[in-house]
Amino acid sequence: MKQYDHTKIEKKWQKQWAKKKLYKTAEPKGDDTAENKKCYILDMFPYPSGEGLHVGHPKGYIATDVYSRFKRMQGFDVLHPMGFDAFGLPAENYAIKNKIHPSVAVQKNIKRYKEQLEIIGFDYDWSREVDTTDPEYYRWTQWIFLQLFKKGLAYESNEPINWCPSCKTGLANEDLEDGKCERCGSVVVKKPIRQWVLRITDYADRLLKDIDVLNWPESIKESQRNWIGRSEGSEIPFTVEFENGGKPGSIPVFTTRADTLFGATALVLSPEHLWVTLATGENHRAVLGNAEEVLRYIVVTKNKTEIERTDAGKEKTGVKLEGVWAINPGTKEKIPIFVADYVLADYGTGAVMMVPAHDERDWEFAKKYNVSIKTVITPDSVGDFSDGKCIVSPGILINSGEFSGITSEEAKNKITESVGGKMVTKYKLRDWVFSRQRYWGEPIPLVHCEKCGVVAVPEKELPVKLPDVKSYEPTGTGESPLATISKWINIKCPQCKGKAKRETNTMPQWAGSSWYYLRYMDPKNKKALVDPKKEKQWAPVDLYVGGTEHATRHLIYARFWHKFLYDIRVVSTTEPFTQLKNQGLIMGEDGRKMSKRFGNVVNPDDVIATYGADTFRVYEMFMGPFEQSIAWSPQNMIGSRRFVERVWKLVGRFTDSRQETVDQKEEVGALEILLNKTIKKVGKDIQGFGFNTAISSIMILLNTMEKTQVSKEQMGILLRLLAPFVPHMAEELWSVLGNKKSIHIASWPAFDATKLVDEKITIAVQINGKVRGQVVVAKDATEDVVKKEAQENPEVVKWLQGQVIKKIIYVEGRVVNIVV
RNA sequence: GCUCGGGUGGCGGAAUUGGUAUACGCGCCAGACUUAAAAUCUGUUGGCCGCAAGGCCGUGUGGGUUCGAUUCCCACCCCGAGCACCA
């Protein structure tokens with residue numbers, strides 16, 4: 001047998017597989033039974049940055065590759081595609097920095113990515129590749145937008161939104177991290193610009209409810225629940241009266257604690273509240289005793305960044321409105337009105353009732369501004385509430401008129417009803433700011449007509465192609481660079497043929513990735529986003545693998561679009577991804593995140609050149625639990641290489657002329673049992689993403705096989721168990737054994753359920769729970785026999801001397817415990 | 001602050017409807033092969049006490065339930081992630 005030359009073998013088989021189109025996706029069989037045997041396995045497709053891949057990126061891809069090969073061998077029709085998410089800021093910034101047009105840069109980076117992926121030996125069906133920047137692809141991204149627009153789910157708005165001064169574009173809430181731009185880390189400011197917004201909040205309830213049925217990691221599900229942030233409460237109107245006899249008005253507040261209404265000693269409005277704007281405006285200014293002061297406060301507030309405003313730790317500020325007061329609808333007492341920036345404008349009604357005795361924020365504010373504090377809840381178990389303490393927990397009502405004595409829970413409904421309020425549900429989720437003032441994105445397919453207003457581009461005119469432009473750098477004016485191309489902008493209105501202009505905003509990075517999994521099912525279709533038959537054949541995605549960073553962005557957006565597409569009958573399932581797995585990061589050797597900054601990045605190309613793709617794959621799958629972050633270790637890589645080489649040598653026995661005889665230390669029958677056990681375990685582990693334990697059990701099998709006489713058939717089983725992990729070597733050795741067809745379309749070995757337990761089993765003997773000896777018995781030994789053997793065991797006898805046996809417990813096949 | 005994960009040898013980790021803790025791999029140590037080294041192969045390897053036989057202690061800490069707890073319950077400590085002035 002020749003030496004193991006990984007480069008030669010890997011190149012050879014990668015070429016062969018491509019030539020024979022081994023991984024071409026099976027076409028739909030068209031019968032009902034076929035549906036049960038499909039398996040759609042999806043990776044989160046990369047955006048091709050200029051950096052190329054580091055060893056952390058392929059970890060998830062290797063896992064899906066192992067899984068898809070396993071499923072194919074089990075006889076499933078497998079769909080395992082790959083593509084590129086190439087619109088968006090990273091690609092554009094790279095292009096700007098390197099002074100290449102984004103489309104050129106993207107194609108270059110895609111090529112590089114593909115090369116890097118190909119040498120790892122993945123089983124992608126490249127004939128289904130998608131590229132979100134391909135007009136034939138984004139035609140359908142635009143089409144989905146138009147359907148949203150037609151259903152009233154896309155609207156134009158001029159509300160202040162998050163603006164990144166460095167990226168020079170508006171951002172969605174999801175694009176912020178601690179008030180900073182997720183991409184560049186700049187502090188985001190609120191800025192009113194014209195924008196397109198999608199009504200994701202219309203789907204908040206369904207997005208929340210359906211989380212329960214998903215087979216996803218608990219942490220991601222929890223993140224989404226937090227993000228959607230449902231809370232049930234009451235909307236209660238507060239009457240407002242003026243000192244100088246103005247007409248009384250009404251301001252609704254939102255509260256989850258209507259039970260504390262009688263303790264509300266002030267009304268607090270956000271600085272952006274419409275009522276405040278009106279009251280300080282030219283016409284009404286006279287009603288306030290201190291309009292100038294209030295205006296000054298509002299200006300100061302608006303100049304603060306989001307971070308400054310929303311930091312819970314900072315001291316609260318506000319200003320009291322003079323000449324006006326509110327009526328507490330419970331007590332009918334006059335209470336002061338404040339404007340304060342701790343009240344968020346865009347949550348609830350932008351107004352809250354201040355209950356200092358039972359809310360810590362209100363408490364803090366009331367102390368500072370001398371608002372009276374009135375306790376109306378007492379903890380239900382103990383009666384000793386003390387005034388001068390903030391009691392946040394619910395309890396029994398006091399000082400609440402007719403409601404005194406009932407519980408908080410009961411009071412919420414009753415009080416709300418009695419003051420003319422209503423029970424409402426609110427969400428933290430905000431509508432999705434969907435336009436970007438940048439070049440490198442899908443043009444929004446709308447037209448602004450002087451007469452007709454906003455008009456959709458007719459579907460047959462899609463795609464609206466992104467025009468070439470000399471300067472694609474962001475303008476910073478709130479307009480996209482497209483606004484400078486008059487030739488492109490000025491068109492006729494599709495409706496009235498009059499003068500009209502194109503919409504110049506582009507879509508955010510997340511648009512293309514919100515539906516790409518559908519396109520893989522039918523990538524070449526020119527007539528529809530996806531053929532309904534093909535959609536039925538493949539949907540939903542059975543397994544989706546990617547990083548946790550997408551928990552509240554991509555994974556929420558995609559679920560939203562999917563549900564919308566379900567409503568307009570483009571897709572047949574209510575959820576896109578039934579099962580989700582997150583790969584843990586591969587950290588640098590130093591334990592820090594891999595980054596150019598730390599100089600701890602490992603390039604997969606180098607690793608593969610030295611050790612081979614098969615070893616690399618084994619190492620990444622064996623290094624620890626898939627979902628866990630673990631540091632890269634060149635030391636441990638050597639262990640994986642050893643393992644791979646030992647397999648090579650083992651098969652060498654069948655080709656070497658000497659037919660090397662084995663010093664047979666293990667029983668042949670025992671090997672048969674171990675093989676069966678291993679087949680069962682490896683299958684179960686791959687299915688459950690326990691790749692590290694699957695490999696360890698194959699290692700145990702290999703250790704035994706090396707010491708035993710092994711038949712060709714048994715060797716074939718070993719190779720098939722290994723095939724998903726080391727596809728090149730398994731293929732090579734499989735052909736060495738004389739097989740003509742590829743191992744990757746061979747059937748996964750079956751195990752014999754009657755041969756899973758050894759003839760003799762070892763049972764531990766405990767005395768009072770401490771292991772004192774072991775007995776070996778036949779596998780079908782009865783309880784009495786085992787108990788008798790246990791008591792006769794010399795080790796045990798020693799411990800039993802002078803003791804009285806109270807009880808003997810036998811756990812079948814495991815342990816005997818003698819209680820003395 | 002709230003929510004969700006997680007804490008096991010020198011290291012990555014294995015084992016939970018409660019049943020022999022430390023599988024597998026790395027490293028270390030010893031041996032074989034070699035002039036020598038590397039590679040490879042074989043063996044040992046949780047801690048403490050002991051010449052040994054053997055014993056005691058051990059899954060973040062402290063309690064509890066149980067014949068038996070890494071696993072279940074209570075309290076606490078630490079690490080990671082998400083959310084956070086959301087009324």
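At a cut-off of 3.5 angstrom, the base of B:G19 holds at least one donor-acceptor pair with the side chain of A:Gln766. Below the 3.5 angstrom threshold, one finds no donor paired with an acceptor across the side chain of A:Lys807 and the base of B:C67. Between the side chain of A:Asn817 and the base of B:C67, at least one donor-acceptor pair of N or O atoms lies under 3.5 Å.
Summarising the base pairing, B:U20 is matched to no nucleotide, lacking a Watson-Crick or G-U wobble pair whose two defining distances lie under 3.5 Å. Pairing of B:G58, defined by two Watson-Crick or G-U wobble distances under 3.5 Å, is not identified with any nucleotide. When Watson-Crick and G-U wobble pairs are counted only if both distances are under 3.5 Å, B:C72 pairs with B:G64. Nucleotide B:C83 forms a pair with B:G1, judged by Watson-Crick or G-U wobble geometry with both contacts under 3.5 Å.
Side-chain contact annotation: A:Ser231 with A:Tyr347, donor-acceptor N/O pair under 3.5 Å present.
Scanning all heavy atoms of the two residues, the minimum distance from A:Phe598 to A:Lys593 falls at CD1-O, 3.3 Å.
Here the P atom of nucleotide B:G25 and the CE atom of A:Met623 are 17 Å apart, to the nearest Å. Taking atom CD1 of A:Ile220 as the reference point, atom P of B:C83 lies 11 Å away to the nearest angstrom. Straight-line distance from the CD1 atom of A:Ile228 to the P atom of B:U3: 19 Å, rounded to whole Å. Between the P atom of B:C4 and the CD atom of A:Glu222 lies a distance of 6 Å, rounded to the nearest Å.
Taking the nucleotide of RNA chain B with the nearest heavy atom to each of A:Ser223 and A:Ile695, the more 5' of the two is matched to A:Ile695. Heavy-atom distances to RNA chain B give each of A:Arg814 and A:Arg772 a nearest nucleotide, and the one nearer the 5′ end belongs to A:Arg814.
Heavy atoms of A:Ser633 sit nowhere under 4.0 angstrom from any nucleic acid atom. Backbone-only contact: A:Val771 has heavy atoms under 4.0 Å from sugar-phosphate atoms and none from a base. Among the atoms of the strands shown, only primed sugar atoms or phosphate atoms (P, OP1, OP2) are found under 4.0 Å from some heavy atom of A:Ile630. Among the protein residues, A:Pro217 comes within range of no part of the nucleic acid, since none of its heavy atoms lies under 4.0 Å from any strand. Heavy atoms of A:Ser640 sit nowhere under 4.0 angstrom from any nucleic acid atom. Residue A:Gly229 is classed as having no contact, given no heavy-atom separation below 4.0 Å to the nucleic acid. Nucleic acid contact for A:Lys770: sugar-phosphate only, since backbone atoms but no base atoms lie under 4.0 Å from a heavy atom of the residue. The residue A:Trp216 sits apart from the nucleic acid: no heavy atom pair falls under 4.0 Å. A:Gln774 comes within 4.0 angstrom of a base, heavy atoms only. Across all strands shown, A:Asp346 has no heavy atoms under 4.0 Å from either base or sugar-phosphate atoms. Across all strands shown, A:Arg642 has heavy atoms under 4.0 Å from sugar-phosphate atoms exclusively, and none from any base. Among the atoms of the strands shown, only primed sugar atoms or phosphate atoms (P, OP1, OP2) are found under 4.0 Å from some heavy atom of A:Val819. At a threshold of 4.0 angstrom between heavy atoms, the contacts of A:Leu344 include nucleobase atoms, whether or not backbone atoms are also involved. Within the nucleic acid shown, A:Asn692 comes within 4.0 Å of sugar-phosphate atoms alone, with no base atom in reach, counting heavy atoms only.
Taking syn as a glycosidic angle within 90° of 0, B:G9 qualifies as syn.
Remark: of the listed residues A:Arg641, A:Arg642, A:Lys649, A:Arg641 is the sole one forming a side-chain hydrogen bond (donor to acceptor under 3.5 Å, both in side chains) with A:Glu645.
Although no hydrogens or angles enter the test, the distance criterion places no donor-acceptor pair under 3.5 Å between the side chain of A:Thr708 and the main chain of A:Val710.
Distance check on atom P: B:C24 versus B:U44 gives 11 Å, rounded to whole Å.
With B:C67, B:G54, B:A87 as the candidates, the nucleotide lying closest to the side chain of A:Glu795 is B:G54. When the nucleotides B:G54, B:G82, B:A87 are ranked by their closest atom to the side chain of A:Asn226, B:G82 comes out on top. Here the side chain of A:Tyr342 is nearest to one of B:C4, B:A23, B:C85, namely B:C85. Checking B:A14, B:C83, B:A87 against every side-chain atom of A:Lys428, the shortest atom distance belongs to B:C83. When the nucleotides B:A87, B:G25, B:U20 are ranked by their closest atom to the side chain of A:Thr762, B:U20 comes out on top. The side chain of A:Arg646 has B:C41 as its nearest neighbour among B:U20, B:A84, B:C41.
Classification of A:Lys209 and A:Asp205 as a salt-bridged pair holds, one side-chain N sitting under 4.0 Å from a carboxylate O.
By the 6.0 Å contact criterion, NZ on A:Lys221 is enclosed, its count of non-hydrogen atoms from other residues, nucleotides or ligands being greater than 12.
A:Trp632 and A:Tyr619 have their aromatic ring centers within a separation under 6.0 angstrom. In summary, the aromatic rings of A:Tyr342 and A:Phe365 are positioned with their centroids under 6.0 Å apart.
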